[in-house]
Enquirer: 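Encoded as structure tokens, here's the structure I'll be asking about.
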Amino acid sequence: MTRSKFRFPETGPHAVAPWGVRKGYGDEHFLSDYRFQAPREDPELAEVFVYTPRMSYDPGETVEFHGSTTADTWTLQIYRDGHAPEMVHEVFDLPGTFTRTSETAYMDGCDWPVLHSWTIPEGQRPGFYRVVSTCLRKDGERFVQHHFFVVRPTPETRQGKILFMLATGTWTAYNDWGGANHYFGTWGPNGNEGSPHLSLHRPWTRGMLWLPKGAARIAQNRIPEMNDLPGYPSKEWGYSHGFGQYYAAAGWAQFDRHFAVWAERQGYGFDIITQTDLHLRPGILDDYTCLVTVGHDEYWSWDMRKTVEDFVERGGNFSRFGGNFLWQIRLEEDGARQVCWKTKAPKMDPVRDDPEQKHLLTASWESGGVNWPGASTVGVNGCHGMYGSWGGFAPRGSRGFTVYRPEHWVFEGTDLRYADVFGAEAGIFGYEVDGLNYTFERGLPYPVADPGVPEGIDILAMSPAVLFEYEHEGPGYRYYVRDSDLVGLAELAAEETPVARRNYQYGSGMVTSMKRGKGEVLTAGSCEWIMGLTRRDPFTEAITRNALDRFGGEA
């Protein structure tokens with residue numbers, strides 16, 4: 001269709017997101033009501049939602065948009081997102097078709113009909129494609145919904161030696177559209193639990209794929225004053241602006257997009273895949289020298305990890321600018337369903353008693369049931385890091401990393417010295433970070449020889465973190481997580497629970513480097529590292545460039 005000069009821009013008016021509400025949570029949670037996004041199904045408040053059967057496609061394949069709308073007509077637009085977003089397809093006045101949404105769509109899928117399809121042109125540029133569906137209401141207000149798909153590279157369209165993998169396992173884990181995610185929701189005998197099964201055949205909750213400028217992040221922007229109340233900026237902002245409760249915890253808008261925009265602006269040639277691509281197509285790494293992940297990088301499958309370790313052993317390189325390497329998942333139905341039983345896994349995961357499958361138990365990597373610490377793959381562990389710079393989690397801690405081995409190649413050209421702190425002004429340390437059990441000898445940190453931690457890991461920089469909120473009594477004080485994560489992870493650990501609790505409660509976030517076979521792994525174990533790129537911190541930018549230039553070729 002001929003492109004029109006008329007657009008439905010994100011700067012226009014937005015409808016307040018529709019919410020379902022489940023009562024029954026007590027004061028141990030930040031919100032007394034758990035809110036999730038779901039269709040209102042009210043013709044007086046027109047809406048439109050779409051999803052695609054898969055997250056990624058090859059050029060020449062047809063993308064089918066399954067949808068439901070209470071509007072008479074609606075519009076669909078597709079942008080290749082990045083430093084300079086580009087419109088690639090749009091269609092106006094599509095006829096509206098309404099289909100009721102199941103109460104268990106979060107785990108069974110929406111099962112809506114195909115309302116539109118688009119065949120990706122041969123030779124289409126690889127990348128992240130944002131789908132914008134809109135409709136007008138009777139009062140002239142515009143309802144906007146965002147979805148996405150990735151166009152995979154081909155030998156003819158490949159853009160460089162760097163492959164950027166989106167943390168879509170984590171996106172899925174936090175997507176509560178339709179009633180639940182892996183954390184909270186309407187699953188379970190009492191209808192008030194997170195679901196171990198999540199379908200990809202549903203939309204994404206509002207805020208995970210697009211955010212307005214100024215949307216709050218989880219980490220706090222300022223150091224709290226003495227006796228300030230605990231701060232949860234994203235919860236407060238999301239609640240008041242009608243965005244998903246977990247919009248800031250994962251997704252393209254809050255994390256992965258920051259790297260894509262920065263890397264394109266810097267002139268790096270890179271291609272994008274999803275974690276599902278890595279799981280189902282391990283050979284996709286063969287034509288690249290550098291794999292990159294960023295942001296909130298919490299959920300991986302066994303196959304994903306094995307593929308990456310083999311890639312590095314053969315001479316590939318892995319740059320991980322992200323934090324929270326914690327949970328094993330399983331993918332079912334050709335990647336259309338994600339499974340993670342988390343702390344329920346030892347009692348409820350069906351593979352727990354299967355000798356051939358029990359290694360796929362969907363618990364934490366460091367748990368006694370899995371016993372494959374993340375340091376084997378990424379050089380750091382999730383349970384030995386965790387939280388900083390928000391709520392009661394070290395709210396006045398360092399927002400940056402302290403340098404200990406400035407002679408390492410990653411610091412070349414930065415002028416950083418031993419004991420220097422970098423990235424604090426940009427807030428690159430938080431909200432979830434990864435580290436190791438460590439000791440100091442003559443002023444330098446060294447990993448402790450714990451089970452599953454490879455030899456030869458160099459700790460280049462680090463800062464302290466915690467796995468529980470220090471609570472202070474006072475009028476109006478209310479805490480969000482408290483020590484619930486510490487309790488849950490300690491119960492899963494191989495050690496006795498009291499020992500594990502002591503081992504996990506204090507941690508760190510680290511920048512580490514390790515050789516593995518013929519390749520190398522560099523990890524900056526913090527979700528917020530990407531903010532050093534967006535906020536133009538010169539040290540964070542230089543370190544990131546050093547890694548990409550060494551592993552993937554100069555920009």
Enquirer: Assess whether side chain to side chain donor-acceptor pair (under 3.5 Å) is satisfied between Asp176 and Thr205, documenting all intermediate values.
Expert: CA-CA 6 Å; Asp176 61 3; Thr205 199; 3.2 Å; yes
Enquirer: I need the Phe243 CZ to Ser234 OG distance, nearest 0.5 Å.
Expert: 12.5 Å
Enquirer: Any sub-3.5 Å donor-acceptor pair from His182's side-chain atoms to Ser195's backbone N or O?
Expert: yes
Enquirer: Locate the shortest heavy-atom distance separating Asp256 from Ala167; write the atom from each residue and the value.
Expert: OD2-N, 3.3 Å
Enquirer: I'd like to know whether the aromatic ring centres of Tyr470 and Tyr479 sit less than 6.0 Å apart in this structure.
Expert: no
Enquirer: Using modelled atom types and a 3.5 Å cut-off, is there a donor and acceptor pairing between side-chain atoms of His241 and backbone atoms of Trp237?
Expert: yes
Enquirer: My understanding is that only one of Phe325, Trp365, Trp372 makes a ring pair (Phe, Tyr, Trp, His ring centres under 6.0 Å) with Trp300; could you say which?
Expert: Phe325
Enquirer: Side-chain contact, heavy-atom cut-off 4.5 Å: His66 with Val50?
Expert: no
Enquirer: Just by distance, do the side chain of Arg54 and the backbone of Ser56 share a donor-acceptor pair under 3.5 Å?
Expert: yes
Enquirer: Assess whether side-chain contact (heavy atoms from CB on, under 4.5 Å) is satisfied between Leu163 and Leu285, documenting all intermediate values.
Expert: CA-CA 8 Å; Leu163 190 61; Leu285 295 180; 3.6 Å; yes
Enquirer: Between Met386 and Leu489, what is the shortest heavy-atom contact and its length?
Expert: CE-CD1, 4.4 Å
Enquirer: Do Arg217's NZ or CZ and the ring of Phe255 fall within the cation-pi criteria of under 6.0 Å and 45°?
Expert: yes
Enquirer: May I have the step-by-step check of side-chain contact (heavy atoms from CB on, under 4.5 Å) for Thr276 and Leu331, ending in yes or no?
Expert: CA-CA 8 Å; Thr276 303; Leu331 296 183; 4.0 Å; yes
Enquirer: According to side chain to side chain contact (heavy atoms under 4.5 Å, CB included), who are the partners of Ser367, at least two apart in sequence or on a separate chain?
Expert: Ala363, Ser364, Val370, Leu492
Enquirer: Can you check whether Arg337's main-chain N or O pairs, donor with acceptor, with Ser199's side chain at less than 3.5 Å?
Expert: no
Enquirer: Which heavy atom of Pro230 sits nearest to which heavy atom of Arg478, and what is that distance?
Expert: CG-O, 3.3 Å
Enquirer: Check residues 104-112 and write down every donor-acceptor pair under 3.5 Å in which the side-chain atom is one partner and the other belongs to a residue at least two apart or another chain.
Expert:
unit_1	atom_1	unit_2	atom_2	d
Thr104	OG1	Ser102	OG	3.1
Thr104	OG1	Asp108	OD2	2.6

Enquirer: Report the C-alpha distance between Asp334 and Arg281 in whole Å, list the side-chain angles of each, state the deciding distance to 0.1 Å, and finish with yes or no for salt bridge (Lys or Arg N to Asp or Glu O under 4.0 Å).
Expert: CA-CA 11 Å; Asp334 293 325; Arg281 300 174 174 222; over 6 Å; no
Enquirer: If you compare all heavy atoms of Ala71 against all heavy atoms of Cys135, which two are closest, and at what distance to 0.1 Å?
Expert: CB-CB, 3.6 Å
Enquirer: Check this for me: does any side-chain nitrogen of one of Asp353 and Lys358 sit under 4.0 Å from a carboxylate oxygen of the other?
Expert: no
Enquirer: Any chance you could lay out the salt bridge (Lys or Arg N to Asp or Glu O under 4.0 Å) test for Arg501 and Glu491, step after step, and finish with the verdict?
Expert: CA-CA 8 Å; Arg501 182 182 174 102; Glu491 289 176 349; over 6 Å; no
Enquirer: Short question: side chain of Gln220, backbone of Gly391 - any donor-acceptor pair under 3.5 Å?
Expert: yes
Enquirer: For the backbone of Pro373 and the side chain of Ser376, can you confirm whether one donor and one acceptor N or O come within less than 3.5 Å of each other?
Expert: no
Enquirer: Going through the checks in order, is the side chain to side chain donor-acceptor pair (under 3.5 Å) test met by Asp81 and Trp252?
Expert: CA-CA 10 Å; Asp81 204 357; Trp252 170 256; 3.0 Å; yes
Enquirer: Measuring from Leu360:CG to Arg352:CZ, what's the distance to the nearest 0.5 Å?
Expert: 14.5 Å
Enquirer: Given side chain to side chain donor-acceptor pair (under 3.5 Å), test Asp277 with Thr274 step by step and report yes or no.
Expert: CA-CA 5 Å; Asp277 293 318; Thr274 70; 3.1 Å; yes
Enquirer: Can you name the nearest heavy-atom pair linking Ser68 to Phe98, along with the distance?
Expert: OG-CD1, 3.6 Å
Enquirer: Does a side-chain N-to-carboxylate-O contact under 4.0 Å join Glu61 and Arg152?
Expert: yes
Enquirer: Using every non-hydrogen atom in the two residues, find where Ala500 and Glu495 come nearest and quote the distance to one decimal.
Expert: CB-OE1, 3.9 Å
Enquirer: Just one of Phe128, Tyr79, Tyr57, Tyr129 clears the ring pair (Phe, Tyr, Trp, His ring centres under 6.0 Å) bar with Phe148, so which one?
Expert: Phe128
Enquirer: To the nearest 0.5 angstrom, please state how far the CG atom of Leu291 sits from the CG atom of Leu278.
Expert: 7.0 Å
Enquirer: Is there a side chain to side chain donor-acceptor pair (under 3.5 Å) between Glu432 and Tyr387? Walk through the geometry before answering.
Expert: CA-CA 5 Å; Glu432 293 188 302; Tyr387 296 123; 3.1 Å; yes
Enquirer: Tell me whether Thr70 contacts the main-chain N or O of Pro43 through its side chain, where contact means a donor paired with an acceptor under 3.5 Å.
Expert: no
Enquirer: May I have the step-by-step check of side-chain contact (heavy atoms from CB on, under 4.5 Å) for Thr362 and Trp327, ending in yes or no?
Expert: CA-CA 7 Å; Thr362 54; Trp327 300 103; over 6 Å; no
Enquirer: Could you check whether Lys342 pairs with Asp349 (Lys NZ or Arg NE/NH1/NH2 to Asp/Glu carboxylate O, under 4.0 Å)?
Expert: no
Enquirer: Nearest 0.5 Å, what's the OH-CG distance between Tyr504 and Leu467?
Expert: 9.5 Å
Enquirer: Run the ring-ring contact (aromatic ring centres under 6.0 Å, His included) test against His296 and tell me which residues pass, sequence neighbours left out.
Expert: Tyr174, Tyr431
Enquirer: Less than 6.0 angstrom separating the ring centers of His146 and Trp204, yes or no?
Expert: no
Enquirer: Centroid-to-centroid, Phe318 to Phe311, below 6.0 Å?
Expert: no
Enquirer: Return yes if some donor-acceptor pair links the side-chain N/O of Glu469 with the main-chain N/O of Val481 below 3.5 Å, else return no.
Expert: yes
Enquirer: Could you check whether Thr377 and Glu309, counting side-chain N and O atoms only, form a donor-acceptor pair closer than 3.5 Å?
Expert: yes
Enquirer: So Val294 and Phe164, side-chain contact (heavy atoms from CB on, under 4.5 Å) or not? Walk me through it.
Expert: CA-CA 9 Å; Val294 305; Phe164 177 31; 3.8 Å; yes
Enquirer: Do His384 and Ser508 have side-chain atoms, one donor and one acceptor, less than 3.5 Å apart?
Expert: no
Enquirer: Would you say the side-chain atoms of His147 pair up with the backbone N or O of Thr52, donor to acceptor, closer than 3.5 Å?
Expert: yes
Enquirer: After noting the C-alpha distance and the side-chain angles of Trp171 and Tyr299, does the key distance pass the ring pair (Phe, Tyr, Trp, His ring centres under 6.0 Å) rule?
Expert: CA-CA 9 Å; Trp171 301 8; Tyr299 291 80; over 10 Å; no
Enquirer: Show your reasoning for whether ring pair (Phe, Tyr, Trp, His ring centres under 6.0 Å) applies to Trp529 and His258.
Expert: CA-CA 10 Å; Trp529 180 272; His258 289 277; over 10 Å; no
Enquirer: When you check the gap from the basic side-chain N to the acidic O, do Arg137 and Glu44 get nearer than 4.0 Å?
Expert: no
Enquirer: For the rings on Trp177 and Tyr51, is their centre-to-centre separation under 6.0 Å?
Expert: no
Enquirer: Test your reading of the model: is there a side-chain donor-acceptor pair from Gln338 to the backbone of Leu200, 3.5 Å cut-off?
Expert: no
